[in-house]
Amino acid sequence: MLYVLIPLFPFAAFLLLGLAGHWIRERAHLVAMPAVLGSLVLSLIAFMNAAEGDRISVPLYTWIDSGELEVRLGLFIDRLTAAMLLLVTIVSSLVHVYTIGYMHGEKGYARFFAYIALFTFSMLMLVMADNFLQLFIFWEAVGLCSYLLIGHWYERPVACAAATKAFIVNRVGDFGFLLGLLVIVYNFGSLDYRQVFAQAPSFAGDMMNLLRPFGGTWEVSTLTVICLLLFAGAVGKSAQVPLHVWLPDAMEGPTPISALIHAATMVTAGVFMVARLAPLYHLSPVAMDLVAVVGAITMVLGATVALTQTDIKRIVAYSTVSQLGYMMMACGLGAYAAGIYHLLTHGAFKALLFLGCGSVIIALHHEQDMRRMGGLKDKLPITYWTFVIGSLALAGFPLTAGFFSKDALLLASWSSGTLGQALTVFGLLTALLTAFYSFRLVFVTFWGPSRVDPHLIGRIQEPSKTMTVPLLILAALSVITGYLGIPEFLTPIFPGGGEAGRHSGAAANGIMAVATLMALTGIAAAYYVYVKEPGLPDRLAARWERAYRLSANKWYVDELYHATVVRPTFSLADGLWKQVDVAIIDGAVNGVAHAIAWGGWLLRLIQSGQTQHYALAMTAGAVLLLAVYLFF
């Protein structure tokens with residue numbers, strides 16, 4: 001029962017800050033920090049037990065008992081869960097420390113820590129879930145926390161709009177997730193992981209007629225339907241095409257949240273879900289191929305858009321979209337261990353990059369446009385060097401964690417067959433783009449002449465130790481995590497070992513050589529374009545205007561949604577409002593009011609207050625009653 005305390009510590013911090021935050025105020029971190037550190041210590045214990053091969057199951061109580069359906073609330077910890085627990089608690093602990101400096105003096109300080117604690121609790125319960133319904137409940141809970149934290153600065157309309165957009169877009173994917181749960185219950189009669197996984201092979205040949213309600217016939221594998229519906233939820237949560245549009249806008253929230261939720265933890269929940277449900281996906285080649293292709297498209301799109309963005313956080317956000325595509329592609333090709341390996345290393349160096357962006361933003365008094373930066377490497381040395389380490393890891397530079405995980409991912413993809421080899425080519429090209437935009441970010445922000453507001457130059461200084469120490473720790477993790485043998489640790493828990501195929505020495509050396517060449521070429525190209533020839537970007541943008549505008553405008557996906565979804569929805573709502581709300585509903589309410597008023601007017605006519613009128617009315621009534629009696 002010790003493991004129950006892993007999620008309960010942050011939940012207790014949330015309750016205390018939620019109830020007493022008005023009095024705690026600037027001391028809120030003294031409540032939240034010990035809670036998440038306690039979860040980290042217990043997560044380390046769970047990790048060591050899981051490393052020994054233990055699968056820890058902690059039943060808590062029966063949640064639903066209806067007929068043959070029984071759903072229990074419980075905790076499940078295996079090697080995958082243990083690795084995710086460490087990722088969540090380590091990054092959350094560092095973000096808590098960083099937040100002390102970043103949010104110091106901000107309105108809603110205690111509320112911010114309360115929401116972080118609630119998110120940490122929800123994310124821990126998500127990865128520790130032992131059944132589909134519990135997974136879904138906390139899947140929705142982390143989405144709620146994301147909404148609350150993106151809109152933390154609710155006085156800003158753009159923050160409120162970004163929070164609403166994230167919430168609505170995720171609900172689109174989650175609707176598919178919920179339908180998938182219903183199909184599971186209908187076919188398996190259970191929502192327990194182990195029961196469903198045990199029965200799944202017997203459903204390998206089972207088919208569903210999707211057009212039966214309409215009198216048609218379209219036979220599709222039951223497992224394929226389940227996997228694709230569940231994947232819809234992953235598309236929304238992990239910002240895959242076409243539901244990726246919410247993640248860049250989520251950068252309107254405070255930077256610590258960008259590092260914790262929108263880089264290292266919540267956005268990886270979709271990848272975690274596909275890996276957790278590997279026994280189902282492994283039985284549906286069609287679903288796995290679709291997962292791989294969607295991941296590859298997301299990988300390329302995110303990288304191409306990141307090339308031209310000017311907001312320092314949005315570049316890193318589109319990089320996250322691209323890297324999530326890498327992970328999803330690997331899982332779709334059966335390389336679950338490699339995908340989770342990259343998820344874990346990415347959590348370290350991407351959290352580092354976001355927190356590094358936050359240090360720059362604070363130093364420049366909340367300036368986020370790279371065009372108003374430059375020349376900062378001497379003024380912010382710790383931020384600069386840690387940022388370089390994070391960028392090297394993102395680019396896949398040799399000996400960094402990103403180098404090992406990305407190579408493992410690309411090699412596993414190459415070994416998976418024809419589709420995998422085709423997608424690996426796009427993965428290598430994306431690696432080139434990744435190295436280029438990573439060091440475009442470094443060179444434009446920290447090198448060259450200063451473009452900073454002259455009034456700020458004399459006040460630029462390194463942030464406090466509460467912000468720089470997490471950067472140093474994450475920089476170390478961005479290297480160390482590549483040497484921890486994560487793939488070997490994870491391989492035993494996945495079908496087929498979690499790898500896509502056999503890895504020959506020639507293929508491994510070839511992939512490593514090409515990937516390294518891509519990384520070095522991208523860095524060298526960024527140096528030439530933004531340092532040696534600083535006027536070249538403008539000339540290239542003018543020469544390749546259409547391609548530049550396509551990238552700068554994010555492939556016009558938001559505009560497409562606005563034209564095909566948002567505007568028609570508003571037009572329909574406006575028409576329905578006039579026809580239904582105003583004409584029918586308001587008309588009925590107003591009609592009742594008018595009828596009562598008219599009836600009152602009629603009654604007022606006979607209530608004249610004159611005695612002779614009342615006498616006449618009584619006489620007429622008596623005559624009428626007598627006539628009825630005589631004639632009827």
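Since the structure is predicted, the reported quantities are computational estimates derived from the model, not experimental observations.
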What donor-acceptor contacts under 3.5 angstrom involve side-chain atoms of residues 35-42, with partners at least two apart or in another chain?
{"unit_1": "S39", "atom_1": "OG", "unit_2": "I6", "atom_2": "O", "d": "2.6"}
{"unit_1": "S39", "atom_1": "OG", "unit_2": "A35", "atom_2": "O", "d": "3.4"}

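- Scanning for side chain to side chain contact (heavy atoms under 4.5 Å, CB included) contacts around A20 gives L16, W23, I24, with sequence neighbours left out.
- Between H282 and Y336, some side-chain heavy-atom pair lies under the 4.5 Å cut-off.
- For the ring-ring contact (aromatic ring centres under 6.0 Å, His included) test, no residue two or more places apart in sequence or in another chain qualifies with Y341.
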Step by step, work out the side-chain contact (heavy atoms from CB on, under 4.5 Å) result for R314 and V305.
-> CA-CA 10 Å; R314 283 180 180 259; V305 174; over 6 Å; no

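- With sequence neighbours excluded, the residues forming a ring-ring contact (aromatic ring centres under 6.0 Å, His included) with F113 are H96, Y109, listed by chain and number.
- Here side chain to side chain donor-acceptor pair (under 3.5 Å) pairs that include residues 264-273, with residues two or more places apart or in two chains, number zero.
- Side-chain atoms of T224 and S284 include a donor-acceptor pair closer than 3.5 Å.
- By the 4.5 Å heavy-atom criterion applied to side chains, I257 and I116 are counted as neighbours.
- You'll find the side chain of S57 reaches within 4.5 Å of the side chain of R194, heavy atoms only.
- Within the 3.5 Å criterion, the main-chain N or O of L355 finds no donor-acceptor partner in the side chain of T255.
- At least one donor-acceptor pair closer than 3.5 Å links the side chain of K313 to the backbone N or O of M251.
- Using a 3.5 Å distance cut-off with no hydrogens or angles, the side chains of T430 and Y326 do not pair a donor with an acceptor.
- Classified by interplanar angle (parallel below 30°, tilted 30° to 60°, perpendicular above 60°), the ring pair F132/F197 is perpendicular.
- At distances below 3.5 Å, not a single donor-acceptor pair connects side-chain atoms of R72 with backbone N or O atoms of L60.
- Without hydrogens or angle criteria, Q134 side chain to G74 main chain gives a donor-acceptor distance under 3.5 Å.
- Within the 4.5 Å cutoff, no side-chain heavy atoms of F121 are placed close to those of F14.
- Ring geometry for Y102 against Y98 counts as parallel: the plane angle stays under 30°, on a 0 to 90° scale with 60° as the upper cut.
- Looking only at side-chain heavy atoms (C-beta outward), F188 and I226 come within less than 4.5 Å of each other.
- Judged by distance alone, with hydrogens and angles left aside, the side-chain atoms of S190 form a donor-acceptor pair with the main-chain N or O of D192 at under 3.5 Å.
- Looking only at side-chain heavy atoms (C-beta outward), M273 and K237 stay at 4.5 Å or farther from each other.
- For residues 259-280, the pairs satisfying salt bridge (Lys or Arg N to Asp or Glu O under 4.0 Å) are D78-R276, with sequence neighbours left out.
- Using a distance-only test at 3.5 Å, with no hydrogens or angles considered, a donor-acceptor pair links the side chain of T298 to the main chain of V294.
- At distances below 3.5 Å, not a single donor-acceptor pair connects side-chain atoms of S146 with backbone N or O atoms of V142.
- Looking at K406, its side chain does come within 3.5 Å of a backbone N or O of L394 through a donor-acceptor pair.
- Residue pairs satisfying the salt bridge (Lys or Arg N to Asp or Glu O under 4.0 Å) criterion with at least one member in residues 161-188, sequence neighbours excluded, are listed as follows: E140-R171, K165-D249, K165-D558, R171-D174.
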Stepwise side-chain contact (heavy atoms from CB on, under 4.5 Å) test for Y3 and N49 | CA-CA 11 Å; Y3 302 109; N49 290 334; 2.3 Å; yes

Check step by step if side-chain contact (heavy atoms from CB on, under 4.5 Å) holds for L409 and M329.
-> CA-CA 9 Å; L409 187 155; M329 180 186 76; 3.9 Å; yes

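- Residues satisfying the side chain to side chain contact (heavy atoms under 4.5 Å, CB included) criterion with L419, sequence neighbours excluded, are D289, V293, L333, L423.
- Evaluation of the ring pair (Phe, Tyr, Trp, His ring centres under 6.0 Å) test over residues 230-266, restricted to residues two or more places apart or in two chains, returns W246-H262.
- Here the shortest heavy-atom pairing between S43 and L85 reads OG-CB, 3.8 Å.
- Y281 contributes a side-chain N or O that, together with a main-chain N or O of C227, makes up a donor-acceptor pair within less than 3.5 Å.
- I261 CD1 to M123 CE: the interatomic distance, rounded to the nearest 0.5 Å, is 10.0 Å.
- Looking at L477 and I90, their side chains come closer than 4.5 Å, going by heavy atoms from C-beta outward.
- Residues forming a ring-ring contact (aromatic ring centres under 6.0 Å, His included) with F47 (at least two apart in sequence, or on another chain): F489.
- Distance alone, capped at 3.5 Å, places no donor-acceptor pair between the S122 side chain and the F138 backbone.
- Residue pairs meeting the salt bridge (Lys or Arg N to Asp or Glu O under 4.0 Å) criterion with at least one partner in residues 195-204, sequence neighbours excluded, do not occur; the list is empty.
- Legend: salt bridge (Lys or Arg N to Asp or Glu O under 4.0 Å) pairs involving residues 319-346, not counting sequence neighbours: none detected.
- Looking at heavy atoms from C-beta onward, T62 lies in side-chain contact with E70 at the 4.5 angstrom threshold.
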Carefully, step by step, assess L344 and T481 under the rule side-chain contact (heavy atoms from CB on, under 4.5 Å).
-> CA-CA 8 Å; L344 296 172; T481 51; over 6 Å; no

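- Around the OH atom of Y561, the shell of radius 6.0 Å holds more than 12 heavy atoms that belong to other residues, nucleotides or ligands.
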